[in-house]
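Numbers restart at 1 for each chain; the letters A, B, ... are given by sequence-line order, proteins then strands.
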2 protein chains.
Amino acid sequence: MSEQVVPARRRTYRHGNLRQALLEAGLELARSGGPDAVVLREATRRAGVAPNAAYRHFADRDALVHEVSLAAMAALARTMEEEQAALPPADDPVRAARARFRAIGTGYLRFARTEPGLFRAAFFVPADMAEAEAGHSAGAGGRTPFQLLGAALDDLVGCGAMPAGRRAGAEFLVWSSVHGLAVLLIDGPLRGLEDSQADEAARMLIDLVERGL
Amino acid sequence: MSEQVVPARRRTYRHGNLRQALLEAGLELARSGGPDAVVLREATRRAGVAPNAAYRHFADRDALVHEVSLAAMAALARTMEEEQAALPPADDPVRAARARFRAIGTGYLRFARTEPGLFRAAFFVPADMAEAEAGHSAGAGGRTPFQLLGAALDDLVGCGAMPAGRRAGAEFLVWSSVHGLAVLLIDGPLRGLEDSQADEAARMLIDLVERGL
DNA sequence: CTCCTTATGTGTACGATGTCCACATCCGTT
DNA sequence: AACGGATGTGGACATCGTACACATAAGGAG
């Protein structure tokens with residue numbers, strides 16, 4: 001059943017960078033089972049170390065899960081950035097802003113469906129995603145998913161594609177909509193949808209949001 | 001810390017209706033801690049019975065949690081029904097349909113904020129909320145939350161407040177939006193918002209959805 | 001180079017949980 | 001009155017998170 005990922009019993013007493021190893025093991029566990037699957041003992045096992053060694057690097061299991069969560073959030077940010085980067089160049093600035101906005105949503109949903117475990121881990125008591133800790137939950141561009149969305153909305157307002165009066169707090173509304181669909185697709189009544197159907201739902205949802213902005 | 005809810009050691013060997021007692025204990029646990037807080041041994045403890053007695057009524061812990069989930073879903077449905085029932089009578093049918101639609105959303109969000117533990121439990125691998133099992137996850141009127149939403153949308157289309165062309169699959173889009181806000185309010189970055197702010201966010205979100213329909 | 005401090009990993013142990021197996025107790029039938 | 005199926009009990013086991021005491025190595029002070 002389990003992968004038996006024993007990493008060739010090390011010969012040095014010290015591990016070298018246990019913290020990183022535990023983090024990676026934790027991420028791997030989260031990837032296949034969400035935050036609940038991040039079990040401390042299994043992580044130490046995979047790192048080839050005694051269970052208690054983990055306590056030299058993390059206060060407790062929650063601390064480990066929290067760091068895994070931040071890393072997962074960063075992975076989400078990267079997927080969103082990729083989606084935007086893959087956009088074909090557009091002349092019309094309004095069209096371009098709209099495309100970047102939609103890419104935020106599609107990237108978000110793509111990540112949720114591609115890496116459901118990490119997605120769930122990312123939202124495991126993240127709480128302060130909007131606030132601090134940006135450094136750890138940001139993508140390559142140094143921005144968190146929340147900041148990426150905010151920038152896209154600013155763009156829309158900037159080019160007149162969205163009334164400025166609706167800008168305040170808009171990120172939370174958009175985020176709610178897209179996040180909700182992601183959750184329903186992952187382990188709600190919409191799970192098991194074909195990719196094509198899921199994409200269709202995503203398109204419709206983003207259409208609805210765009211009309212409502 | 002714990003409430004010490006020991007129910008006066010029963011004198012009969014048989015419990016009478018252990019199944020119901022376990023279900024209620026499970027609901028109480030879920031209420032204060034979500035699905036993860038539903039621990040089998042604690043439920044049996046509260047029912048004044050040995051841990052293994054539970055296995056005469058539930059295949060395993062998951063089965064218990066599942067039933068708790070259905071009950072929580074029914075509670076959600078009831079709250080939504082209440083919200084609609086509390087609506088003042090309106091003459092204009094369009095206005096009335098709109099109000100009923102909004103009540104679906106506000107009821108949903110009210111339940112999420114009032115009973116976060118039950119709300120999370122309701123969505124713990126519910127999967128088939130849209131489909132069968134209606135009997136167990138329905139409210140007083142015999143309808144599941146999903147069915148209540150569908151009816152509200154039918155109403156909107158019926159009185160011309162929403163284009164019929166957008167009706168197909170609309171429940172999933174609306175549901176996504178409202179559900180997403182609920183999640184963000186409960187344990188996402190929006191948790192800890194004042195009631196007034198949360199209500200404001202709910203209003204704005206439903207406005208956005210209504211415009212987008 | 002040696003010694004000592006300190007960071008890091010080990011071992012043992014405890015309480016809690018889900019669940020299995022064998023046994024006890026009772027209720028409803030025959 | 002006897003018996004069989006339903007229901008509850010007791011004991012046991014593996015797994016988990018974590019506390020406490022101890023072992024080991026790495027790096028600076030002398």
Side-chain angles (χ1 to χ4, degrees), chain A residues 1-26 28-30 32-69 121 124-125, chain B residues 1-26 28-30 32-69 121 124-125:
Chain A
M1 219 55 175
S2 63
E3 289 298 321
Q4 191 68 7
V5 197
V6 179
R9 197 78 189 154
R10 94 201 104 96
R11 277 251 58 85
T12 54
Y13 186 82
R14 291 298 216 278
H15 178 286
N17 56 350
L18 221 204
R19 184 186 175 83
Q20 186 62 22
L22 289 174
L23 218 31
E24 278 163 22
E28 200 52 43
L29 290 169
S32 60
D36 290 351
V38 179
V39 29
L40 207 157
R41 286 180 106 111
E42 176 62 20
T44 59
R45 232 171 272 138
R46 296 190 180 193
V49 101
N52 285 334
Y55 290 89
R56 298 298 175 189
H57 302 274
F58 300 95
D60 54 14
R61 174 178 177 279
D62 272 352
L64 207 208
V65 178
H66 183 65
E67 299 240 8
V68 168
S69 171
F124 188 74
V125 192
Chain B
M1 218 55 172
S2 65
E3 290 297 322
Q4 193 68 11
V5 196
V6 180
R9 197 79 189 150
R10 93 201 105 95
R11 278 252 56 84
T12 55
Y13 185 81
R14 293 301 216 277
H15 178 286
N17 57 350
L18 220 206
R19 185 187 175 83
Q20 186 62 21
L22 289 174
L23 218 30
E24 278 164 22
E28 200 53 43
L29 289 170
S32 59
D36 290 350
V38 179
V39 28
L40 206 158
R41 286 180 107 110
E42 175 62 20
T44 60
R45 231 171 272 138
R46 295 191 179 192
V49 103
N52 286 332
Y55 289 88
R56 298 298 176 189
H57 302 274
F58 300 95
D60 54 15
R61 174 178 177 278
D62 273 352
L64 207 208
V65 177
H66 182 65
E67 298 240 7
V68 167
S69 171
F124 187 76
V125 192

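- At least one donor-acceptor pair closer than 3.5 Å links the side chain of A/Asp60 to the backbone N or O of A/Ala63.
- To the nearest angstrom, P of C/dT8 lies 12 Å from CG of A/Asn17.
- Of the inter-residue distances, the one linking A/Leu40 atom CG with A/Phe58 atom CZ reads 9.0 Å to the nearest 0.5 angstrom.
- Atom CG in B/Leu18 sits about 15 Å away from atom C1' in C/dT25, given to the nearest Å.
- B/His66 has its side chain out of reach of B/Asp62: every pair of non-hydrogen atoms, C-beta onward, lies at least 4.5 Å apart.
- In this structure, the CZ atom of A/Phe58 is 14 Å from the P atom of D/dG17, given to the nearest Å.
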Let me have the donor-acceptor pairs involving side chains of residues 16-23 of chain A, under 3.5 Å, with sequence neighbours excluded, atom names and distances please.
| residue | atom | partner | partner atom | Å |
| --- | --- | --- | --- | --- |
| A/Arg19 | NH1 | A/His57 | O | 2.8 |
| A/Arg19 | NH2 | A/Glu67 | OE1 | 3.3 |
| A/Arg19 | NH2 | A/Glu67 | OE2 | 2.4 |
| A/Gln20 | NE2 | A/Glu24 | OE2 | 3.0 |

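- Spacing between atom CG of A/Leu29 and atom C1' of D/dC16 amounts to 14 Å, rounded to whole angstrom units.
- A donor-acceptor distance shorter than 3.5 angstrom exists from the side chain of A/Ser69 to the backbone of A/Ala121, with no hydrogens or angles considered.
- Phosphate contact (OP1/OP2 of D/dG8, side-chain N/O of B/His57, threshold under 4.0 Å): present.
- The heavy-atom pair separating B/Val65 from B/Pro35 by the smallest distance is CG1-CB, 4.4 Å.
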## Note on the structure
Given protein heavy atoms under 4.0 Å, the one-letter contact record of nucleotides 15-22 of chain C, with B base, S sugar-phosphate only and - none, is simply --BBBBB-
